[in-house]
Every structure is written in structure tokens, then in C-alpha cells.
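To start, the structure itself, in C-alpha cells.
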Amino acid sequence: MKMVLAIIRPEKFEAVKKALEEKGFVAMTVNEVKGRREQKGITLQFRGRKMEVDLLQKIELFLVVKDEDVDAVVETIIQNARTGRYGDGKVFILPVEKSIRIRTGEVET
């Protein structure tokens, strides 16, 4: 098993979620996070004054999938999250040794 961790733009979340559901990947954990990278933030105009916002809102998705499904999940996320601009996000793939369902004690390896 692998954990696919994706950090994407909030406005792309619904498109990514819908595309993953259509391919049969419905289980996910979602967090609202803030972050920055190369763009180092943005400048906004608010009530006639400029404001520097250096931590931008992002959505963090966690999916644990079978090894053979990783490429399909990653490709789906990339296709539906990409705008072509800085700040589109990043995908990480991590190994998962096992998972244990709390309710039943069922173990998956």
C-alpha cells in the first residue's frame, strides 16, 4: 500500500474529488492548510491598502491505495489540479506498512 499526499489549490478540490470518485477512489482525508513555496505569497489590495499574504490557503488530500493504483490516482490528481501557474501544488507518495481498522481490528498489509 501507498499513501498519496497531495497539496492543491482550494478552488481545484471539487474537480479533483469528483474525478477520483469517478475512477472509484472515494476514501480520502482532507485538511485545510496554509503554505508557501517558490511564489512566496501574493500582494492583495484591501480597502485601498496593499497587503502581503505569504501563507496561501491550500487543501491537503490523503489517500491510501494499493500499489497498482498509485499511478492512476496521481495522474487523476495532476490532470484535475493543474492550472499551469505557480502554486498548483505537489504530490508525495509514501509507503504504508499496514493499516488497522479501529472498529473491527482488521489488519491490511
Side-chain angles (χ1 to χ4, degrees):
M1 292 185 300
K2 302 283 186 200
M3 178 182 290
V4 178
L5 169 87
I7 300 171
I8 62 172
R9 295 174 178 271
E11 62 269 21
K12 291 302 214 168
F13 171 66
E14 287 300 324
V16 169
K17 183 176 81 166
K18 182 178 179 186
L20 287 167
E21 285 176 358
E22 288 172 357
K23 296 203 179 207
F25 304 107
V26 295
M28 66 181 75
T29 300
V30 180
N31 292 311
E32 293 180 11
V33 296
K34 291 183 181 183
R36 70 181 219 167
R37 187 155 155 77
E38 293 172 9
Q39 79 270 23
K40 298 179 186 160
I42 57 174
T43 302
L44 297 175
Q45 191 86 15
F46 182 72
R47 295 187 180 179
R49 302 174 93 186
K50 288 185 178 182
M51 293 177 40
E52 295 291 325
V53 179
D54 71 340
L55 292 175
L56 303 176
Q57 295 288 337
K58 300 289 179 182
I59 297 291
E60 183 179 53
L61 303 172
F62 293 91
L63 294 93
V64 176
V65 299
K66 297 176 183 172
D67 290 356
E68 59 266 19
D69 293 332
V70 170
D71 291 338
V73 168
V74 170
E75 189 60 32
T76 301
I77 292 169
I78 290 171
Q79 286 178 356
N80 290 278
R82 179 180 285 150
T83 68
R85 302 187 318 254
Y86 280 114
D88 276 352
K90 203 153 197 170
V91 178
F92 303 92
I93 301 163
L94 307 156
V96 175
E97 292 182 24
K98 67 179 169 179
S99 68
I100 304 165
R101 187 178 308 265
I102 293 173
R103 179 177 53 87
T104 63
E106 174 187 355
V107 177
E108 277 188 77
T109 56

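In this chain, numbering begins with 1 at the start of the sequence shown.
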Exercise for the section: Taking the side chain as every heavy atom from C-beta outward, state whether E60 and L5 have any pair of such atoms under 4.5 Å apart. Expected result: yes

Practice task
Evaluate the side-chain proximity of V65 to V70: yes if any heavy-atom separation is below 4.5 Å, no if none is.
Solution key: yes

Hydrophobic cluster identity match, [X] and [Y], side-chain contacts under 4.5 Å:
X: L56; Y: V33; answer: no
X: F92; Y: F62; answer: yes
X: I93; Y: V30; answer: yes

Between atom [atom1] of [X] and atom [atom2] of [Y], what is the distance when rounded to the nearest 0.5 Å?
X: I77; Y: I8; atom1: CD1; atom2: CD1; answer: 7.5 Å
X: M28; Y: F13; atom1: CE; atom2: CZ; answer: 6.0 Å
X: L63; Y: T76; atom1: CG; atom2: OG1; answer: 10.0 Å
X: M1; Y: E108; atom1: CE; atom2: CD; answer: 5.5 Å

Problem - Candidate pair K58 and K34, rule side-chain contact (heavy atoms from CB on, under 4.5 Å), full reasoning - result: CA-CA 6 Å; K58 300 289 179 182; K34 291 183 181 183; over 6 Å; no

Fill in the blank from the handout: G105 and I100 have their tightest heavy-atom pair at O-CG2, 4.0 Å

Practice task
Give the minimum heavy-atom separation between V64 and M3, together with the two atoms involved.
Solution key: CG2-CE, 4.1 Å

Completion exercise
Quick note, salt bridge (charged side-chain N to carboxylate O under 4.0 Å, His left out) partners involving residues 72-92, not counting sequence neighbours, are R9-D88

Handout entry: Partner of L61 under side chain to side chain contact (heavy atoms under 4.5 Å, CB included), chosen from V73, T29, V16
Key = V16

Exercise for the section: Using a strict 4.0 Å threshold on nitrogen-to-oxygen distance, state whether K17 and E14 make a salt bridge. Expected result: yes

Exercise for the section: Start with the C-alpha distance between N80 and K12, add both sets of side-chain angles, then the distance that settles side-chain contact (heavy atoms from CB on, under 4.5 Å), and finish with yes or no. Expected result: CA-CA 7 Å; N80 290 278; K12 291 302 214 168; over 6 Å; no

Practice task
Flag yes if more than 12 heavy atoms outside E32 fall under 6.0 Å of its CD atom; otherwise flag no.
Solution key: no

Problem - Worked verdict on I59 versus N31 for side-chain contact (heavy atoms from CB on, under 4.5 Å) - result: CA-CA 6 Å; I59 297 291; N31 292 311; over 6 Å; no

